[in-house]
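Input: a single structure, listed below in structure tokens.
Order of the sequence lines sets the chain letters (A, B, ...), proteins ahead of strands, with each chain counted from 1.
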There are 2 protein chains.
Amino acid sequence: MNQVDTKTRILDAAERLFAENGIAATSLRAITAAAGANLAAVNYHFQSKEALIHACYSRRLGPANQERLEMLDVCQARAGDGAPALDEIMDAFVAPVLLGFMGTPFTALMGRMYAEPGDFARRVVGVHIGEIARRFSAALRRALPGLTEEDLFWRMHFSVGALAHTLAGGKLLEILSQGRCTMGDVQAIRKRMVAFLCAGLRAQASENL
Amino acid sequence: MNQVDTKTRILDAAERLFAENGIAATSLRAITAAAGANLAAVNYHFQSKEALIHACYSRRLGPANQERLEMLDVCQARAGDGAPALDEIMDAFVAPVLLGFMGTPFTALMGRMYAEPGDFARRVVGVHIGEIARRFSAALRRALPGLTEEDLFWRMHFSVGALAHTLAGGKLLEILSQGRCTMGDVQAIRKRMVAFLCAGLRAQASENL
DNA sequence: GTCTATAGTACGATAGAC
DNA sequence: GTCTATCGTACTATAGAC
């Protein structure tokens, strides 16, 4: 009974190969071969390659985003009438993703999500990120009352970039730092990232330059 | 004499199509059709698809990285024995790319550069980013003497992420902010980004959480 | 639910005429 | 330097037996 479903094996193989070689460069043949399944099984369990891609994202992003919202709920409840501390909000944003995905193939897939070309990717992002964006931008607006709405959106955008790049590009950092930085200690990355993002979000608007 | 070289037309078309649809999803046939050239011309002027991709990156990244280094030279010369101000260093890092590429198809290509799967992409990054990384990390180390080397690399990594994501993902920001933020005013983006990154780089190392 | 077989199309690369 | 023609291969998707 520890034998896994064909459907799940296909999802697992697709996730890994999409992450390693990119979505467009991964054929259904490579996926079914890696999954020990038949080529036709992909069109039986899913309808098309595009539906399989969507299923890969949904399987992981659903739970992670759920956890983000729950962590935000918790710190908002604890803050009562006041706004939660900025680093609690940002930790709720980054921790479920970092702790949940770092070290798994899905990191690369999630890191590339926003940069993936084509309209399909934008649909995936729209479906999975809509409520997250609403809830967190509302929380941040309360925590950073001095910021204009425009500044806030830009700084959230930069923050998402730092997170996505860390998920997608770990190997690059290891190369550039000549091995001094690794993805090994996820809790340390979490702290570093929250510290960096909170400071960036709190920056004075610079009028010089 | 305003007629453009076939080789250049192929490069232009490849750049645009790679940016719009992704590298793997863009066929040489689509490129030569858009360039008004023959399919065989790509293998005559370049040797292969991979060499064409490399040429696309080199054509733009060479001059932009040159300008980054020149801006860094200028502010280091002006600072004399002292270290240049942090925002001058970071401006030298982001301005040539933002001002040079924003609004051109190459933005998307550059934004995706670090996330592109496969070993080939890592080679492109290695070739074009090596000296940039060395020079800027040395400058930042002098400007931020309180930071451990490890912290510095991580924060540079987050900074590259914010920049890359801004280059690659402008449309996402416009959607999430419901049109309130656009890529229109590049000088404003430059100021915002430098302010955000400098504050993040200067953050206190957080030991709580 | 899983297989074989195949239809129909597209790909990168090259040979060889001009 | 540019063309046509084509080789060999790979792709997604589906039809139909088991």
Nearest-Å distance, [atom1] ([X]) to [atom2] ([N])?
| X | N | atom1 | atom2 | result |
| --- | --- | --- | --- | --- |
| Lys49(B) | dT14(C) | NZ | P | 15 Å |
| Ile31(B) | dA10(C) | CD1 | C1' | 15 Å |
| Ile23(B) | dG12(C) | CD1 | P | 13 Å |
| Asn21(B) | dC11(C) | CG | P | 12 Å |
| Arg29(B) | dC11(C) | CZ | C1' | 6 Å |

Using a strict cut-off of less than 4.0 Å between a Lys/Arg side-chain nitrogen and an Asp/Glu carboxylate oxygen, indicate whether [X] and [Y] qualify as a salt bridge.
| X | Y | answer |
| --- | --- | --- |
| Asp73(A) | Arg135(A) | yes |
| Glu131(A) | Arg68(A) | no |
| Glu150(A) | Arg155(A) | no |
| Arg9(A) | Asp12(A) | no |
| Arg112(B) | Glu116(A) | no |

Base-pair map of DNA chain C as dot-bracket, where | denotes pairing with a different strand and pairs are Watson-Crick or G-U under 3.5 Å: ||||||||||||||||||

cation_pi(Arg180(B), Phe153(A)) dist<6.0 Å, angle<=45: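 No, Arg180(B) does not lie over the aromatic ring of Phe153(A).
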
Within 45° cone of Phe46(B) ring axis and under 6.0 Å: Lys7(B) NZ or CZ: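 The answer is yes; both the distance and angle limits are met.
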
May I ask you to check whether Phe120(B) and His54(B) place their ring centres under 6.0 Å from each other?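 Aromatic pair counts; centres sit under 6.0 Å.
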
Centroid-to-centroid, Tyr114(B) to His165(A), below 6.0 Å?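 Under 6.0 Å, so yes.
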
Can you pull out the residues from residues 35-47 of chain B that lie within a 4.0 Å heavy-atom distance of DNA chain C?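 Residues of residues 35-47 of chain B that come under 4.0 Å of DNA chain C are, in numerical order, Leu39(B), Ala40(B), Asn43(B).
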
Below 4.0 angstrom, which residues in residues 6-20 of chain B have at least one non-hydrogen atom near DNA chain C?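 Output list: empty, so none.
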
For Val97(B) and Thr107(B), run side chain to side chain contact (heavy atoms under 4.5 Å, CB included): C-alpha distance rounded to whole Å, both residues' side-chain angles, the deciding distance at 0.1 Å, then the answer. CA-CA 8 Å; Val97(B) 170; Thr107(B) 34; over 6 Å; no

Does Ser27(B) place a side-chain N or O at less than 4.0 Å from the phosphate oxygens OP1/OP2 of dC11(C)?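 For dC11(C), OP1/OP2 do have a side-chain N/O of Ser27(B) under 4.0 Å.
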
May I ask you to decide if the ring planes of Trp154(A) and His157(A) are parallel, tilted or perpendicular, using 30° and 60° as cut-offs?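 Perpendicular.
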
